[in-house]
*Asks:* 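My questions all concern the structure below.
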Amino acid sequence: MTPSLPLARPPLLVEADGFAVADQVAGRLHEALASGRTLGLATGRTMEPVYRAFVARLRALPPQGRQRLISSWSSFNLDEYVGLGDGDACSFAQFMALQLGEPLDLPQGCLRLPDGRAVDPEAEAIRYAQQLRAAGGIGLQLLGLGRNGHVGFNEPPCRPEARCRCLTLSASTRQQNAAAFGGDPQAVPARAITLGLAEILAAETVLLVVTVAEKAEILRRSLQEAPCPEVPASWLQHHRGLQVIADQSAASALCLS
Ligand code: GLP
């Protein structure tokens with residue numbers, strides 16, 4: 001076991017590395033699913049080891065137990081690129097199918113995401129928010145952290161009242177996500193549909209997962225500076241159910257005394 005360092009506000013676990021982080025997060029996802037909570041799911045490189053650990057956990061269960069969990073599965077993803085959807089190699093729909101849908105043999109339509117191919121993306125954002133409301137909102141919201149402080153695709157500046165919507169991605173986010181598009185930031189779609197901070201902050205529990213040293217400074221600003229629109233993740237400090245799990249390198253700029 002790696003040493004974990006609990007902090008009072010927000011509860012923070014610092015794990016030795018990304019594998020230990022993934023294991024912790026997979027355990028939280030398993031618990032949430034087992035207690036019938038709706039999962040808010042995220043994409044991005046941070047989530048790849050998390051989903052591998054989650055799949056391994058569920059696959060290790062006796063078949064009946066695993067089937068029970070899968071049959072009660074309810075999840076909503078944070079976001080999708082406008083113009084991309086099911087079957088597009090770079091879509092978040094495809095990322096989720098590869099990471100969870102196929103390895104867990106989830107029924108079609110189980111993993112809900114905004115439809116990036118909708119003819120009217122603005123209307124699709126409204127429909128998706130209504131679908132989430134009708135399902136009773138999110139129980140456990142999993143979040144990664146963008147290098148500019150975005151969560152989901154809530155780009156700075158962003159206020160906590162922002163709702164599910166269609167927006168234009170920043171140049172830095174298109175650069176950050178270019179690797180999945182052959183390294184070309186121009187190939188990254190210019191727009192996306194994202195749940196807003198309002199829907200994220202309405203979740204019962206928010207689990208922010210941060211790994212790698214490049215995110216140390218933005219994690220410090222998110223947790224230890226006054227909330228502000230320039231760092232969208234900083235509004236998470238207002239959430240009473242916020243939990244943070246980071247590896248040592250991502251936590252290296254935090255003041256832990
Ligand atoms: C993407 C996603 C976010 C994700 C973030 C971090 O843009 N929309 O939901 O948290 O970037 O990505 P990564 O884990 O690859 O650093």
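Numbering of ligands and ligand atoms starts at 1, following listing order.
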*Asks:* Residue-level breakdown please: for Lys215 versus ligand 1, do any non-hydrogen atoms fall below 4.0 Å on the side chain, on the backbone, on both, or on neither?
*Replies:* side chain

*Asks:* Judged by non-hydrogen atoms, does Gly152 sit under 4.0 Å from ligand 1?
*Replies:* yes

*Asks:* Below 4.0 angstrom from a heavy atom of Phe153, which ligand 1 atoms are there? Numbered from 1 as shown, please.
*Replies:* 7 (O), 8 (N)

*Asks:* Do ligand 1 and Thr173 have nitrogen or oxygen atoms that lie under 3.5 Å from each other?
*Replies:* no

*Asks:* Which atoms from ligand 1 have a heavy atom of Thr46 less than 4.0 Å away?
*Replies:* 13 (P), 14 (O), 16 (O)

*Asks:* Need the ligand 1 atom indices (1-based, order shown) with element for anything under 4.0 Å from a heavy-atom of Arg147.
*Replies:* 16 (O)

*Asks:* Which is it for Asn177 and ligand 1 at heavy atoms under 4.0 Å: side chain, backbone, both or neither?
*Replies:* side chain

*Asks:* Quick one: does ligand 1 sit under 4.0 Å from the side chain of Asp79, the backbone, both or neither, non-hydrogen atoms only?
*Replies:* side chain

*Asks:* How far is atom 5 (C) of ligand 1 from the closest protein heavy atom, and which atom is that?
*Replies:* His150 NE2, 3.6 Å

*Asks:* Give the atom numbers and elements of ligand 1 that come within less than 4.0 Å of a heavy atom of Gln176.
*Replies:* 5 (C), 6 (C), 11 (O), 12 (O), 16 (O)

*Asks:* Show your reasoning for whether side chain to side chain donor-acceptor pair (under 3.5 Å) applies to Ser91 and Arg117.
*Replies:* CA-CA 10 Å; Ser91 68; Arg117 290 215 203 104; over 6 Å; no

*Asks:* Name the orientation class of the two ring planes belonging to Phe153 and Phe92 (parallel below 30°, tilted from 30 to 60°, perpendicular beyond 60°).
*Replies:* parallel

*Asks:* Any non-hydrogen atom of Met47 lying under 4.0 Å from ligand 1?
*Replies:* no

*Asks:* At a 4.0 Å threshold, what atoms of ligand 1 neighbour a non-hydrogen atom of Gly144?
*Replies:* 10 (O)

